[in-house]
Amino acid sequence: MPIPKLFEGRLRLPVICAPMFLVSSPRLVISACKHGVIGTFPALNTRPQELLDDWLTQISRELAEFAAAHPGLPVAPFGVNQVVHPSNSRLEADQALVRKHRVPFVITSQGDPTRIVQDVHSWGGVVFHDVVKTDHARKAIKAGVDGIIVVAAGAGGHAGTINPFALVREIRELWAGPLVLAGALNDGHGIRAAECFGADMVYMGTRFIATEEAEVDADYKRMLVESTLKDLIYTDAFTGVNCNYLAPSLTRAGIDIESFIKKGTVDLDLGSVNAWRSIWSAGQGVGGIKSILPVAALVEQLVAEYRIAAGRPDFLSRQALS
Ligand SMILES: Cc1cc2nc3c(=O)[nH]c(=O)nc-3n(C[C@H](O)[C@H](O)[C@H](O)COP(=O)(O)O)c2cc1C
């Protein structure tokens, strides 16, 4: 299974802590990388835009100092998510800072990554592109990306709608390079399962919100621990794009759930309910989140689960038929 040279020997697990709007911050990114998981953040999380320079300086410096002080430890590279859709008016300014800091790993989403790929390759960086459909993967491969992130049904944020088995196998027919699977993956069993049907790595978003290092409202973390699948509402009412939201966060924001489900719209002035800031998203794996952990403990737990899943005898060996 291929992974880029940049990642070799630097990961404890084939896991990327996914970029999350208004969630990912230097604290979470740095902690993930120090514990051998790739930490990432959306460039759009820095406001004002110039703050991106400070974040990149801080993350690069702290990780370099940590790696120098711990030569035997795998310290993962970090990544920045760039929305390449024409509506992103910050793209040029953000990319200039990504270039200045020679960011090792860039994740592009929502558009044509060609120009970013050429730019990032000029300093030896690696670009993965986010896709929810096979056609998007075809275009990204043509653009020269180094990896494909397959966002399947059940993911947190603006999720795809396609079953992960179907989507990974279809994209595998056209792409033999690094493939990352996203959507409702929370534990080491999921990581191993994703590898078994063709992924090289997994993307985990929601699980990392329930960590000590995630700088979000404490109620959001508590809600993740208390919620299960029945608490999710999938709607495009807040951003125009379908997304899984935690129903208790809608209630907390003053929305009457029953009437919302009946009408499909909210009675409140939408300006007062800010999706992402006061209405919170979670992937369908939310029921598997039982505790708020430091990233270090979460990574240990993932490693232990992954070992159990990887060592489980398969059907043929159990039946002694092989
Ligand atoms: C609160 C939240 C914000 C997100 N923001 C972004 C974003 O800004 N850019 C992006 O590419 N993906 C975003 N995502 C999607 C994640 O990068 C990732 O695909 C997803 O979380 C994986 O599914 P999981 O949450 O079930 O692990 C977001 C997800 C969540 C939960």
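All ligand and atom numbering here is 1-based and tracks the order in the structure.
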Polar atom proximity, Ile209 to ligand 1 (N or O, under 3.5 Å): no
No-hydrogen, no-angle side-chain donor-acceptor test under 3.5 Å, Thr57 and Asp54: no
For ligand 1, the portion of Asn81 having any non-hydrogen atom under 4.0 Å away: side chain
Test: Arg172 and Asp200 ion pair at under 4.0 Å: yes
Under-4.0 Å heavy-atom contact with ligand 1, by part of Ala155 that carries it: both
Nearest-neighbour protein heavy atom for atom 25 (O) of ligand 1, which is reported as residue plus atom name and distance: Thr206 OG1, 2.5 Å
Separation between CD of Gln82 and CG of Leu91, rounded to the nearest 0.5 Å: 5.0 Å
Heavy-atom neighbours of Arg99 CZ exceed 12 at 6.0 Å: yes
Closest approach of Ala155 to Asn244 (non-hydrogen atoms, all atoms of both residues): O-ND2, 3.5 Å
Nitrogen or oxygen of Gly205 less than 3.5 angstrom from that of ligand 1: yes
Proximity of Phe41 to ligand 1 by residue part, where a heavy atom lies under 4.0 Å: neither
Ring geometry between Phe238 and Phe260 (parallel below 30°, tilted from 30 to 60°, perpendicular above 60°): parallel
For atom 6 (C) of ligand 1, the protein heavy atom that lies nearest, with its residue and separation: Pro19 O, 3.3 Å
Aromatic contact, Trp175 with His136 (centres under 6.0 Å): no
Polar atom proximity, Trp276 to ligand 1 (N or O, under 3.5 Å): no
Charged N-O contact under 4.0 Å between Lys34 and Glu65: no
N or O contact, Asp130 vs ligand 1, cut-off under 3.5 Å: no
Minimum-distance protein heavy atom relative to atom 31 (C) of ligand 1: Gly157 N, 3.7 Å
Protein heavy-atom partner closest to atom 15 (C) of ligand 1 - residue, atom, separation in Å: Gly156 O, 3.5 Å
Contact (N/O only, under 3.5 Å) between Phe21 and ligand 1: yes
Mutual orientation of the aromatic rings belonging to Phe7 and Phe105 [parallel < 30°, tilted 30-60°, perpendicular > 60°]: perpendicular
Exceeds 12 heavy-atom contacts within 6.0 angstrom, atom NZ of Lys230: yes
Polar proximity ligand 1 side, Ala182 side, N/O cut 3.5 Å exclusive: no
Shortest reach to atom 2 (C) of ligand 1 by a heavy atom, considering only Met204, Arg207, Met20: Met20
Which residue and heavy atom of the protein sit nearest atom 1 (C) of ligand 1, plus the separation: Tyr220 OH, 3.5 Å
Residues Thr239 and His158: side-chain donor-acceptor under 3.5 angstrom: yes
Taking atom 26 (O) of ligand 1 as the reference point, the nearest protein heavy atom with its distance: Ala184 N, 2.8 Å
Close-contact set for ligand 1 against Gly283 heavy atoms, below 4.0 Å: 26 (O)
